[in-house]
Amino acid sequence: MDITNMNKEILLTKDEINMKVIEMGKLITEDYKGKKIVVISLLKGSFIFTADLIRNIDLPLVIEFMITSSYGHGHESSGEVKVIKDVDIDISEYDVLIVDDIIDSGNTMKNIYELLSSRNPKSLKTCTLLDKPSRRTVEFTADYTGFVIPDKFIVGYGLNYGDYYRNVDHIFAFVE
Ligand code: IMP
Ligand code: MG
């Protein structure tokens, strides 16, 4: 994708994202009462979403990070998911919530779900801000989904193109 001559189309405003994240946090707060939560944030894409989400979860929790290989500087998924940085704790004591920015092909969530599942957590659920179901190559549905979006390459609010645009406070698509 060459973005030099492309236009920007705003998909989700800062306010729309904020309202959704508050709603998701409330739902998770209700569902996880009395549980021992670890939120596992998949870097780098989900760092902003995770930071906002956990401040809307009104329960004690711990946070862990994983780095997985995904898109380099292009936008096609390779299918295999490599763990570059793993969590630092034994998750068998915890109710685990995996948080990612977007589910696209489904490879990242499916692979990480299966990996963490094999470590016998008390429970295991997934949460994504964005979902592009039209792009799935493997079947996967998150337990908590913010927005279902069309098949457009988007950036902002943690999502990148060539590692840029993560700091943009809204989400936009590059269009012809
Ligand atoms: P997967 O294809 O479901 O494995 O998604 C892998 C990762 O690709 C996601 O966690 C995102 O970080 C990234 N990704 C997928 N779609 C987009 C997009 O439209 N913009 C930016 N990053 C994306
Ligand atoms: Mg990602």
Any sub-3.5 Å donor-acceptor pair from D143's side-chain atoms to T126's backbone N or O?
yes
Counterpart residues, salt bridge (charged side-chain N to carboxylate O under 4.0 Å, His left out), relative to D95 (two or more places apart)
none
What I'd like to find out is whether the side chain of Y165 reaches to under 4.5 Å of the side chain of N160, using heavy atoms alone.
no
Can you confirm whether I84 sits close enough to S69 that some side-chain heavy atom of one is under 4.5 Å from a side-chain heavy atom of the other?
yes
Is it possible for you to say whether I67 and I63 belong to one hydrophobic cluster, with membership spreading through side-chain heavy-atom contacts below 4.5 Å?
yes
Examine the side chains of T4 and D2 and answer whether a donor and an acceptor come within less than 3.5 Å of each other.
yes
Residue pair S46 / S41, side-chain donor-acceptor N/O under 3.5 Å:
yes
Measuring from atom NZ of K82 to atom OG1 of T68, what distance do you get when rounded to the nearest 0.5 angstrom?
11.0 Å
State the NZ-CD distance between K36 and E93, to the nearest 0.5 angstrom.
5.0 Å
So, taking the atom named CE in M66 and the one named CD1 in I40, what distance separates them when rounded to the nearest 0.5 Å?
6.5 Å
If you define the side chain from C-beta out and look only at heavy atoms, does anything of L130 sit under 4.5 Å from I171?
yes
Flag the pair I28 / C127 as yes when at least one side-chain heavy-atom distance between them is below 4.5 Å, and no otherwise.
yes
Scan residues 115-129 for pairs that pass salt bridge (Lys or Arg N to Asp or Glu O under 4.0 Å), counting only residues two or more places apart or in two chains.
D86-R119
Just by distance, do the side chain of T50 and the backbone of F47 share a donor-acceptor pair under 3.5 Å?
no
Using a 4.5 Å cut-off on heavy atoms from C-beta on, say whether the side chain of I102 contacts that of K132.
yes
Determine the interplanar angle of the F153 and Y161 rings, folded into 0 to 90°, and report it as parallel if under 30°, tilted if 30 to 60°, perpendicular if over 60°.
perpendicular
For N18 and K14, indicate whether the former's side chain and the latter's backbone hold a donor-acceptor pair under 3.5 Å.
no
Got a second to check how far N56's CG is from T29's OG1, nearest 0.5 Å?
7.5 Å
For F140, ring-ring contact (aromatic ring centres under 6.0 Å, His included) partners two or more places apart
Y113
Between Y157 and D101, a side-chain donor and acceptor under 3.5 Å:
no
Side-chain touch V99/F49, heavy atoms, less than 4.5 angstrom
yes
Walk me through whether S105 and N107 qualify under side-chain hydrogen bond (donor to acceptor under 3.5 Å, both in side chains).
CA-CA 6 Å; S105 69; N107 282 310; 2.9 Å; yes
If you count the non-hydrogen atoms of other residues, nucleotides and ligands that lie under 6.0 Å from NZ in K85, is the total more than 12?
yes
Sequence neighbours excluded, which residues qualify as salt bridge (charged side-chain N to carboxylate O under 4.0 Å, His left out) partners of K110?
E114
Quick one, V168 and V155 - any side-chain contact, counting heavy atoms below 4.5 Å?
no
Find out whether the Lys NZ or Arg CZ of K152 is both under 6.0 angstrom from the six-membered ring centre of F174 and within 45° of the ring's axis.
no
Can you list everything that forms a salt bridge (charged side-chain N to carboxylate O under 4.0 Å, His left out) with E16? Sequence neighbours excluded, please.
none
Should K26 and D58 count as an ion pair when the cut-off is N to O under 4.0 Å?
no
Do the side chains of K20 and E23 get close enough for a salt bridge, i.e. N-O under 4.0 angstrom?
yes
Within the distance-only criterion (no hydrogens, no angle test), does the side chain of T128 pair as donor or acceptor with the backbone N or O of T145 below 3.5 angstrom?
no
Verify, without hydrogens or angle tests, whether E64 (side chain) and V39 (backbone) share a donor-acceptor contact under 3.5 angstrom.
no
For D31, salt bridge (charged side-chain N to carboxylate O under 4.0 Å, His left out) partners two or more places apart
none
Measure the shortest side-chain to side-chain distance between L116 and I91 over non-hydrogen atoms and say whether it is less than 4.5 angstrom.
yes
So does D151 have more than 12 non-hydrogen atoms from other groups sitting under 6.0 Å from CG?
yes
Within the supplied structure, the quantity of interest is the number of heavy atoms (other residues, nucleotides, ligands) at a distance under 6.0 Å from M19 CE; does it exceed 12?
no
